[in-house]
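Okay, here's the structure, questions in a sec.
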2 protein chains.
Amino acid sequence: MTPKSDKLKSNDLKNTKQRTAILNILEKNNQPVSAEDIYSVLKSQNLSVSLSTVYRTLETMAEKKLVTKLNMQDNSKTLFEINHEIHKHYLICLGCKKIISIMSCPLENYEKKLSEETGFLVEGHRLDIYGYCPECRENMSDENSTVN
Amino acid sequence: MTPKSDKLKSNDLKNTKQRTAILNILEKNNQPVSAEDIYSVLKSQNLSVSLSTVYRTLETMAEKKLVTKLNMQDNSKTLFEINHEIHKHYLICLGCKKIISIMSCPLENYEKKLSEETGFLVEGHRLDIYGYCPECRENMSDENSTVN
DNA sequence: TTAATTGCAAACACTTTGCACGCTA
DNA sequence: TAGCGTGCAAAGTGTTTGCAATTAA
């Protein structure tokens, strides 16, 4: 029994080729991906999985905490990534749209302070940092390079 | 000339009753509101403004930096608020969905550090904090109160 | 066997757009 | 009166759902 089927089984999910394939893709990506992204990869692999199955699978896996659902502020598609159970934040490049995970979190003490000051019971937070990655910075300083 | 028409004029926007009305609603609200919210208020005031005009106006005003566009992570409707030109963060109550602005920002030094460590040129960030407001905490401790 | 899972197409919610008319400057 | 702004209806996009057929356990 492969670790993948274990993962499914232990969450009361039947082990189907669709789910395994989707889980595979998520595990191979260290970047959050959209349902459509996954669907495209599956298609290119000639694995027939319908887009609605992709959505349903991702939703189910999110409920089971196998994956994490992310909505970026540009309100484009919802992104999904394997849940590594690690508190993370994201550096989002405004140039190439790359998303880089960062594991450090500057907010632990702040939350405590905030809670004391406002009476708000803090359950969690979402921090995304926007800017330009080193590669895009380089391209920017190159006056004549094309930017879309 | 009212301050409102000034605001529009100085941004090369014609002063129409629709825009004034929308700006009014935004200014009265210290909570971010959706296009639909604004549309409802307008309707209740018997001001005939179509929903598409509300969307178009908000979009235009966002371009002119008169309003700020917010997408919350639950991927519900886009919210808008008057741009106070103040760097803010939001406390979002998971109980009553209320959104509270906070003016302090714990991240200034962190951004600098991050930039040094990663080579990422930080342009900005988005921080939302989730939890329960004092009122909802109270309701929670009240075992028999109804929660939706 | 039988309940969970899937594919398909249709429905959905929110938002955007094309076009003819209206109104501001 | 020129052209920006508006209303309407229709189209778009991303996502969800109903249902009948399929498949894992």
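Fair warning: this is a prediction, and the values are worked out from it, not measured in the lab. Here is the naming used below: chain letters follow the sequence lines, and residue numbers restart at 1 for every chain.
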Task: Interatomic distance, A/Leu70 CG vs D/dT15 P [rounded to whole Å] - done: 12 Å
Task: Whether B/Arg126 side chain and A/Met72 backbone form a donor-acceptor pair below 3.5 Å - done: no
- [ ] Report the distance from atom CD of B/Glu36 to atom P of C/dT16, rounded to the nearest whole Å.
- [x] 13 Å
TODO: Take A/Leu8 and A/Leu23, measure what side chain to side chain contact (heavy atoms under 4.5 Å, CB included) needs, and give me the verdict at the end.
DONE: CA-CA 9 Å; A/Leu8 291 170; A/Leu23 216 39; 4.1 Å; yes
Open item on the list: Among residues at least two apart in sequence or on other chains, which ones pass ring-ring contact (aromatic ring centres under 6.0 Å, His included) with B/His87?
Closed with: B/His89, B/His125
Open item on the list: Using a 4.0 Å heavy-atom cut-off to protein, can you give one letter per nucleotide of nucleotides 20-25 of chain D, 5' to 3': B if the base is in contact, S if only the sugar-phosphate is, - if neither?
Closed with: ----BS
Task: Spacing between B/Arg19 atom CZ and D/dT6 atom C1', to the nearest angstrom - done: 9 Å
TODO: Using heavy atoms and a sub-4.0 Å distance, could you list which residues of residues 54-61 of chain B are near DNA chain C? By number, please.
DONE: B/Tyr55, B/Arg56
TODO: For residues B/Asp12 and B/Lys64, report the shortest heavy-atom separation together with the two atoms involved.
DONE: CB-NZ, 4.4 Å
TODO: Please check if the side chain of A/Asn71 supplies one atom and the backbone of B/Gln73 the other of a donor-acceptor pair under 3.5 Å.
DONE: yes
TODO: Any salt bridge (Lys or Arg N to Asp or Glu O under 4.0 Å) involving residues 69-89 of chain B? Give me the pairs, sequence neighbours left out, ordered by first then second residue.
DONE: B/Glu59-B/Lys69, B/Glu81-B/Lys88
Task: B/Leu8 CG - C/dC23 P separation (whole Å) - done: 18 Å
Task: Whichever of B/Ser76 and A/Ser50 has its nearest DNA chain C nucleotide further upstream toward 5' - done: A/Ser50
Task: Pair A/Ser40, A/Asp37: side-chain N/O donor-acceptor within cut-off below 3.5 Å - done: no
- [ ] Keeping to residues at least two apart or across chains, list the salt bridge (Lys or Arg N to Asp or Glu O under 4.0 Å) pairs with something in residues 22-35 of chain A.
- [x] A/Lys4-A/Glu27, A/Lys7-A/Glu27
- [ ] Starting from A/Met103, walk the hydrophobic network (Ile, Leu, Val, Met, Phe, Trp, Tyr; side-chain heavy atoms closer than 4.5 Å) and list everyone else you reach, by chain and number.
- [x] A/Ile86
Open item on the list: So, applying side chain to side chain contact (heavy atoms under 4.5 Å, CB included) with A/Ile38, which one of A/Val49, A/Asn24, A/Ile25 is it?
Closed with: A/Ile25
Open item on the list: Looking at D/dT6, I'd like to know if its phosphate oxygens (OP1 or OP2) sit under 4.0 Å from a side-chain N or O belonging to B/Thr53.
Closed with: no
TODO: For B/Ser34, answer base if it contacts any base atom (sugar-phosphate contacts may also be present), sugar-phosphate if it contacts only those atoms, and nothing otherwise; contact means non-hydrogen atoms under 4.0 Å.
DONE: nothing
Open item on the list: With each end axis built from five pairs of C1' atoms, what bend angle do you get for the helix from C/dT1-D/dA25 to C/dA25-D/dT1? Round to 10°.
Closed with: 30°
TODO: Determine which pairs satisfy salt bridge (Lys or Arg N to Asp or Glu O under 4.0 Å) with at least one residue from residues 93-119 of chain B, sequence neighbours left out, and list them in order.
DONE: B/Lys98-B/Glu135
Atom pairs under 3.5 Å: protein N/O with N/O of nucleotides 9-13 of chain C:
none

Task: Length of the line joining B/Phe80:CZ and C/dC14:C1', which is rounded to integer Å - done: 11 Å
Open item on the list: Looking at A/Gln18, I'd like to know whether one of its side-chain N or O atoms comes within less than 4.0 Å of OP1 or OP2 on C/dG7.
Closed with: yes
- [ ] Could you state the atom-to-atom distance from CG of B/Asp12 to P of C/dT24 in whole Å?
- [x] 18 Å
Task: Pairs touching residues 23-81 of chain B that satisfy ring pair (Phe, Tyr, Trp, His ring centres under 6.0 Å), sequence neighbours left out - done: none
Task: Those residues that, when tested against A/Ser52, pass side-chain hydrogen bond (donor to acceptor under 3.5 Å, both in side chains) (two or more places apart) - done: A/Ser50
Open item on the list: Using whole Å, what does the distance between atom P of nucleotide D/dG7 and atom CG of B/Leu42 come to?
Closed with: 10 Å
Open item on the list: Nearest whole Å is fine: how far is C/dC14 C1' from B/Leu51 CG?
Closed with: 9 Å
Task: ILVMFWY clustering at 4.5 Å (side-chain atoms), partners of B/Phe120 - done: A/Leu91, A/Ile100, A/Ile102, A/Leu107, A/Tyr110, A/Leu114, A/Phe120, A/Val122, A/Leu127, A/Ile129, B/Leu91, B/Ile100, B/Ile102, B/Leu107, B/Tyr110, B/Leu114, B/Val122, B/Leu127, B/Ile129
